[in-house]
*Asks:* 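Below are the structure tokens for one structure; questions will follow.
What you see is a predicted model, and the numbers here were worked out from it, not measured in a lab. Proteins come first, then strands; the chains are lettered A, B, ... in the order of their sequence lines, and each starts at number 1.
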Amino acid sequence: MRDPRAVARALLGKVLVRGRGKRALMGRIVEVEAYLGAGDAAAHAASGLTRRNAVIFGPGGHAYVYFTYGMHYCLNVSCMEEGEAGCVLIRALEPLAGQGTMARRRGLGLECSSRNTLPGRLARRLASGPAMLCEAFAITRARDNGRDLTSKESGLWIGDDGYAARRIVTARRIGISKSAELPLRYFLSGNGFVSRS
DNA sequence: ATATCGATTATCT
DNA sequence: GATAATCGATATG
């Protein structure tokens, strides 16, 4: 798997896992965006290799975490072989385990009970956005950039629990102005945890 | 429901 | 010096 568009589709339905055992945080990937190399002006790799985007030019399966708007982190998965650029932005997760921890990190600790299953309207505020999910999973550039997401031994990895994605919707990417017409956003049809339908 | 706006700083030109 | 793959709040219909 190399082309970010193929990797994006393959990632839908997989599970992002932080930590191990009973306290592990888990969330199903329900929305992603592909960022290509040459020809995709919206991609961070568009203007060549820099210290910030170096992971995108490295081997696939690694975390590219960037900081933006002075306060937010976003998580991407590198796709290509060494030397080529391409990645997939993880935009939204459906919380599966560790909702209490996620709520606390998101500043929603006082708004929910000690129950593990949150009411729907609060659950949607845990990880239905690229910066929200990083906050919920405590993902930062200092701690996670370059991490191997394919290893179960890694503190942050992506697993497969057998879930099969049904219908995948293709749309234009959110929050960009350059190359905005490209249909590189993908999400699970009908899933309530997508950042926006 | 949709629109606009401010926060806040690493990174790049 | 300008920008930014966002979010949450506020205003308006």
*Asks:* Could you pull out the closest heavy-atom pair between A:Ile176 and A:Ala42, with the gap in Å?
*Replies:*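 For A:Ile176 versus A:Ala42, the nearest heavy atoms are CD1-CB, 3.8 Å.
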*Asks:* Any side-chain donor-acceptor pair under 3.5 Å between A:Ser154 and A:Arg18?
*Replies:*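 Result is no, nothing qualifies.
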*Asks:* Describe the nucleic acid contact of A:Arg196 in one word from base, sugar-phosphate, nothing, applying a heavy-atom distance below 4.0 Å.
*Replies:*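 Result for A:Arg196 = nothing.
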*Asks:* Just do the salt bridge (charged side-chain N to carboxylate O under 4.0 Å, His left out) check on A:Glu33 and A:Arg91 with the steps written out, would you?
*Replies:* CA-CA 7 Å; A:Glu33 281 177 0; A:Arg91 282 196 59 89; 3.8 Å; yes
*Asks:* Is it true that A:Glu31 and A:Arg185 make a salt bridge, defined as a side-chain N closer than 4.0 Å to a carboxylate O?
*Replies:*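 Result for this pair is yes, salt bridge flagged.
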*Asks:* Aromatic ring centroids of A:His44 and A:Tyr66 under 6.0 Å?
*Replies:*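 Yes, the ring of A:His44 comes within the 6.0 Å limit of the ring of A:Tyr66, centre to centre.
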*Asks:* Dot-bracket, DNA chain C: Watson-Crick or G-U, under 3.5 angstrom, [ ] crossing, | other strand?
*Replies:* ||||.|||||||.
*Asks:* Heavy atoms only, 4.0 Å cut-off, all strands: where does A:Leu89 land among base, sugar-phosphate and nothing?
*Replies:*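 Counting heavy atoms under 4.0 Å across all strands, the contact made by A:Leu89 includes a base.
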*Asks:* Starting at the 5' end of nucleotides 4-13 of chain B, put B wherever the base has a protein heavy atom under 4.0 Å, S where only the sugar-phosphate does, and a dash everywhere else.
*Replies:* ---BBBSSSS
*Asks:* Hey, where on DNA chain C does chain A first and last touch, going 5' to 3'? Cut-off is any atom under 4.0 Å from a heavy atom.
*Replies:*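 With heavy atoms of chain A under 4.0 Å away, the range is C:dA4 to C:dG8.
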*Asks:* Spell out, as yes or no, whether a donor-acceptor pair under 3.5 Å connects the side chain of A:Arg124 to the backbone of A:Val194.
*Replies:*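 No, because the side chain of A:Arg124 does not come within donor-acceptor range (under 3.5 Å) of the backbone of A:Val194.
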*Asks:* List the steps, then state whether salt bridge (charged side-chain N to carboxylate O under 4.0 Å, His left out) holds for A:Glu135 with A:Arg106.
*Replies:* CA-CA 6 Å; A:Glu135 186 169 35; A:Arg106 289 277 299 120; 2.7 Å; yes
*Asks:* Under the salt bridge (charged side-chain N to carboxylate O under 4.0 Å, His left out) criterion, do A:Lys178 and A:Asp40 qualify, and how do the steps go?
*Replies:* CA-CA 8 Å; A:Lys178 292 168 279 189; A:Asp40 183 0; over 6 Å; no
*Asks:* Side chains of A:Leu36 and A:Arg5, heavy atoms from C-beta outward: is any pair under 4.5 Å?
*Replies:*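 They are in side-chain contact.
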*Asks:* Could you tell me whether A:Ala42 contacts a base, only the sugar-phosphate backbone, or nothing, with contacts defined as non-hydrogen atoms closer than 4.0 Å?
*Replies:*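 Base: the residue A:Ala42, judged by heavy atoms under 4.0 Å, touches a nucleobase.
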*Asks:* Is a side-chain donor or acceptor of A:Ser195 paired with a backbone partner of A:Ala92 at a separation under 3.5 angstrom?
*Replies:*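 Absent.
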